[in-house]
Amino acid sequence: MVFAGAGTGKTRVLTARIAWLVRERNVFPAKIFAATFTNKAAKEMRERVAKLTGLNCDGLWIGTFHSMCARLLRMEARHIGYNSSFTIYDTDDQQSLMKTILKERGIDEKSLQPKSALHRISSYKNSCIPFAELDGTGKSYADRELISIYGAYQDALKRCNAMDFDDLICNTVYLLHGNEEVREQWRKRFEHVLVDEYQDTNTAQFRLIKLFAGSHGRIFVVGDDDQSIYAWRGAKIENILGFAEQFEGTKVFKLEQNYRSTTSILDLANSVIANNTVRADKKLWTAGEPGREVVTSEFRDDRHEADKVSDKIARLLRDGSKPGDVAILYRTNAQSRSFEDVFRKKKIPYVIVGGLSFYERKEIKDCIAYLRIIANPKDDVSFSRIINVPARGIGDKTQEKIAAAALAQNLSMAEYLAGADAESFTGTAKKGLVQLSKLLSGTTELYTGDFPPKDILEYVLKETGYINLLEAEDTEEARGRIENISELLNAIEEFSDDNPDGTLLQFLEQITLVADIDKWEPGQAVTMLTLHSAKGLEFPHVFLTGLENGIMPSFANMDDKAKLEEERRLLYVGITRAMKTLDISYCKSRLRFGQWTIMGPSMLLNSVPDGMYRFVDEAAMFDYFEPDEPLTPRSSPSPSRSFGSSDRFPSRQAGGGYQQPYGRKEPPQPSWKSAARDAAVKPTRKVLEAPNYDEVSQVEVVLRTGLRIGHAEYGAGKIVHVSGFGADTRIEVLFDSGDRKKMMAKFAKFEIL
DNA sequence: CGCCAGAAGTTTTTT
DNA sequence: ACTTCTGGCG
């Protein structure tokens, strides 16, 4: 076991180990099971191992627990009452299914929310407690009810030939646990087990690796208990803290030299994490530069914060940093909003990782549901989604009738429909069902005839008239949806290009198990992402924002010591992402749920001693309110740290009344020794001028706001917005004709003028 | 069945 | 502030 602190070369250790096993110990890559935290990490490691060994590493089992378990389960599905075409349900699908179950049982959503039922079921699964083990053990009525819902939910999943995320892990455990033949086969197969980010494994994952490696003990795990941030989804920090007791003969190594951050950043990180009680003893150090001191700023509100942070970033860019060197971190996805607004306005290229993903959009989910029902006709959840989409006259009553009739014959709804007698229905419902039935038999023919996934979706779109209906709506929103669907078609085509033998099933699995972060590539734009998504990444310049009680720590985690420690680890993860500079900020007030809410500085900062960072009270500076006023130097602000008593608001009169002459604050005085850096940031008159954002945009971004393009169909125009990145890049163009169009960069026919 | 208006929920984090 | 859900009505 390797305790590898942030930035100590954790990934390198793991890669080197695999390469060593393959090259020096002659272990076949196919006999290695290596679990990583993201698909992206897996892909990179596979490539690095191949490069280090010069061998083909296609057979190497490396990936997330979820994707590797899905792979194993597809091979062994028949042993647990599934077939290999099972669908993987995401959170949305889980909720649809749970809602149906609660409705069937006449349980009011107010007495038991689908989400809360799913959460409790998820906890059982993460601990590998099957329904059978709980049956009859409920102490209260509510307990017994929940347990019985758990059973019903699992039954429904099985009927749908579907598994949720948690099932992928625990079903693998149940399978190996309950079937000796299968277990021995896989045990023999995996001669070596390696796990990255071991601090974030849950009980089910622990049981799995124990099943694989428990007997031979060839297990190698890397992790950092201080970066354990997934307890809320069942991760057990005890797994890493108690590893040596679980696996006899464990050798423990500690990596404490950090190769990423400056001393200033590490000092702060160490002093933050030292307040935690549940942790292994270790301390990061670096032989590197002291670096610029960490700056913590107080802002009036989230808009002010976004405005000032973007100013600071604009300066960094003008002074030679690339947008890709900069990251804005926050606790919740919703916080990206104010930054997004400002970055748009100032034309600074940015990219948001996470949040509502492309595949969660309504029109995309509709398309995916059609594809799923073709690959797995038992999938009633997907079938229910599309049975009347687009509207074809099949209403609630008809749907209920079909569901009941299907259940009576022990068939799924799609299976029932395929063999149903149209004459048993009447009117519009009959017409619609005949239409749907025809459509599905058509797609099934294409599917069994091995037509590429793209053809199948195109057939569905044509037969349903989905696109035509959207076109007829003739709204901006509908046009956006059409663009999204073309983008989906593109994604499918790209998938087929990358995986010539790729099946529809594999495509569907990929889009469910691949996270937004997996597609992210460094370099093009300022990255905005949550602290959770940022784990494992590093950036020269980091802005850690919204450090307020209620956000970080979240309201839900403020009163519980263990939960508070996890929030502290989250802060620690954020701090240790920074290589050269770190700017921390919080707001005194924030717009939440459309309401202004008074916020206070995070209690996590209270335990940090003075001198760990420089505090700047930016809320007392008023340039934010009257940005067009001429710049005048301001009398030096008294930098004071006053957490706990910092509830004094700046003397801003209601109605934005006249304030005393203000000035932009002096840029931070460099406090470090590097002469070269000194020259670069020496405060000059020029620095005080408003940054020229056009200049700032002059970066290696091919497509950016403000660029003029010529389009084959619409003529010349200007890009007014760029979203997404890589192959997903989308642009919004204002054409000289006055037309505004959103298009996919990859798809649109245009040239840069 | 489909439309509309008003109500209710959203923001903790993700595979 | 914004989206999604719900119930009543034509």
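Order of the sequence lines fixes the chain letters, A, B, ..., with proteins taken first and strands second; residue numbering starts at 1 for each chain. None of these values were measured; they are calculated from a predicted model.
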Trainee: Is there a side-chain polar atom (N or O) of A:Asn557 under 4.0 Å from OP1 or OP2 of B:dT12?
Mentor: no
Trainee: Nucleotide by nucleotide, 5' to 3', does protein get under 4.0 Å of the base (B), only the sugar-phosphate (S), or neither (-) in nucleotides 4-10 of chain C, counting heavy atoms?
Mentor: -------
Trainee: Just to confirm, is there a sub-4.0 Å distance from OP1 or OP2 of B:dT13 to any side-chain nitrogen or oxygen of A:Ser554?
Mentor: no
Trainee: For the side chain of A:Lys115, starting at C-beta, report the closest nucleotide among B:dT10, B:dT12, B:dT14.
Mentor: B:dT10
Trainee: Separation of A:Leu469 atom CG from B:dG2 atom P, in whole Å?
Mentor: 12 Å
Trainee: Whole-Å distance between C:dA1 C1' and A:Glu340 CD?
Mentor: 14 Å
Trainee: How close or far is atom P of B:dT10 from atom CG of A:Leu591, stated in whole angstroms?
Mentor: 18 Å
Trainee: By nearest atom, which of the nucleotides B:dG2, B:dT15, C:dC2 is closest to the A:Arg337 side chain?
Mentor: C:dC2
Trainee: Can you measure A:Gln335 atom CD to B:dT10 atom P for me and round it to whole angstrom units?
Mentor: 18 Å
Trainee: Can you name the salt bridge (Lys or Arg N to Asp or Glu O under 4.0 Å) partners of A:Lys10, sequence neighbours left out?
Mentor: A:Asp196, A:Glu197
Trainee: Of the nucleotides B:dT13, B:dG2, B:dT15, which has the atom closest to the A:Ala391 side chain?
Mentor: B:dG2
Trainee: When you measure from the side chain of A:Ser533, which nucleotide among B:dG2, B:dT10, B:dT14 comes out closest?
Mentor: B:dT14
Trainee: Hey, does the side chain of A:Thr512 come within less than 4.0 Å of B:dT15's phosphate (OP1/OP2), counting only N and O?
Mentor: no
Trainee: For the pair made of CG in A:Asn202 and P in B:dT15, what is the distance, rounded to whole Å?
Mentor: 14 Å
Trainee: Who pairs with A:Tyr82 by ring pair (Phe, Tyr, Trp, His ring centres under 6.0 Å), at least two apart in sequence or on another chain?
Mentor: none
Trainee: Please list, chain by chain and in numerical order, all residues satisfying ring pair (Phe, Tyr, Trp, His ring centres under 6.0 Å) with A:Phe299, sequence neighbours excluded.
Mentor: A:His304
Trainee: Counting any heavy atom closer than 4.0 Å, what does A:Phe37 reach on the DNA or RNA strands: base, sugar-phosphate only, or nothing?
Mentor: nothing
Trainee: If I take atom CZ in residue A:Arg481 and atom C1' in nucleotide C:dT3, what distance separates them, rounded to the nearest angstrom?
Mentor: 11 Å
Trainee: Between A:Leu513 and A:Lys563, just flag the one whose closest nucleotide in DNA chain B comes earlier from the 5' side.
Mentor: A:Lys563
Trainee: Side chains of A:Tyr572 and A:Gln227 only: does a donor on one sit below 3.5 Å from an acceptor on the other?
Mentor: no
Trainee: Answer with base, sugar-phosphate or nothing: what part of the nucleic acid does A:Asp166 contact at a heavy-atom distance below 4.0 Å?
Mentor: nothing
Trainee: Name the closest nucleotide to the A:His532 side chain, picking from B:dT11, B:dT14, B:dT15.
Mentor: B:dT14
Trainee: Measuring from the side chain of A:Phe593 (C-beta onward, heavy atoms only), which nucleotide among B:dT14, B:dT11, B:dT15 has the closest atom?
Mentor: B:dT11
Trainee: Out of B:dT10, B:dT15, B:dT13, which has the shortest distance to the side chain of A:Trp232?
Mentor: B:dT13
Trainee: Please set out all donor-acceptor pairs under 3.5 angstrom arising from side-chain atoms of residues 96-103 of chain A, sequence neighbours excluded.
Mentor:
from, atom 1, to, atom 2, distance (Å)
A:Ser96, OG, A:Asp92, O, 3.1
A:Thr100, OG1, A:Ser96, O, 2.7

Trainee: Report which part of the nucleic acid A:Ile394 touches: base, sugar-phosphate, or nothing (heavy-atom distance under 4.0 Å, all strands).
Mentor: sugar-phosphate
Trainee: Compute whether any side-chain donor of one residue and acceptor of the other, for A:Asp379 and A:Tyr89, lie under 3.5 angstrom apart.
Mentor: yes
Trainee: Rounding to an integer number of Å, can you tell me how far A:Gln595 CD sits from C:dA1 P?
Mentor: 10 Å
Trainee: On DNA chain B, compare the nucleotides closest to A:Gln94 and A:Lys397; which residue's is nearer the 5' end?
Mentor: A:Lys397
Trainee: Please say whether the positively charged group of A:Arg233, taken as NZ for Lys or CZ for Arg, lies over the ring of A:Tyr230, i.e. under 6.0 angstrom from the six-membered ring centre and within 45 degrees of the axis.
Mentor: yes
Trainee: Please determine, for the side chain of A:Arg592, which listed nucleotide (B:dT14, B:dT12, B:dT11) has the closest atom?
Mentor: B:dT11
Trainee: Find out whether the Lys NZ or Arg CZ of A:Arg120 is both under 6.0 angstrom from the six-membered ring centre of A:Tyr150 and within 45° of the ring's axis.
Mentor: no
Trainee: So, is A:Asn126 close to the B:dT15 phosphate, meaning a side-chain N or O under 4.0 Å from OP1 or OP2?
Mentor: no
Trainee: If I take atom NE2 in residue A:His119 and atom C1' in nucleotide B:dT12, what distance separates them, rounded to the nearest angstrom?
Mentor: 11 Å
Trainee: Tell me every residue that passes ring pair (Phe, Tyr, Trp, His ring centres under 6.0 Å) with A:Phe539, counting only those two or more places apart in sequence or in another chain.
Mentor: A:Trp520
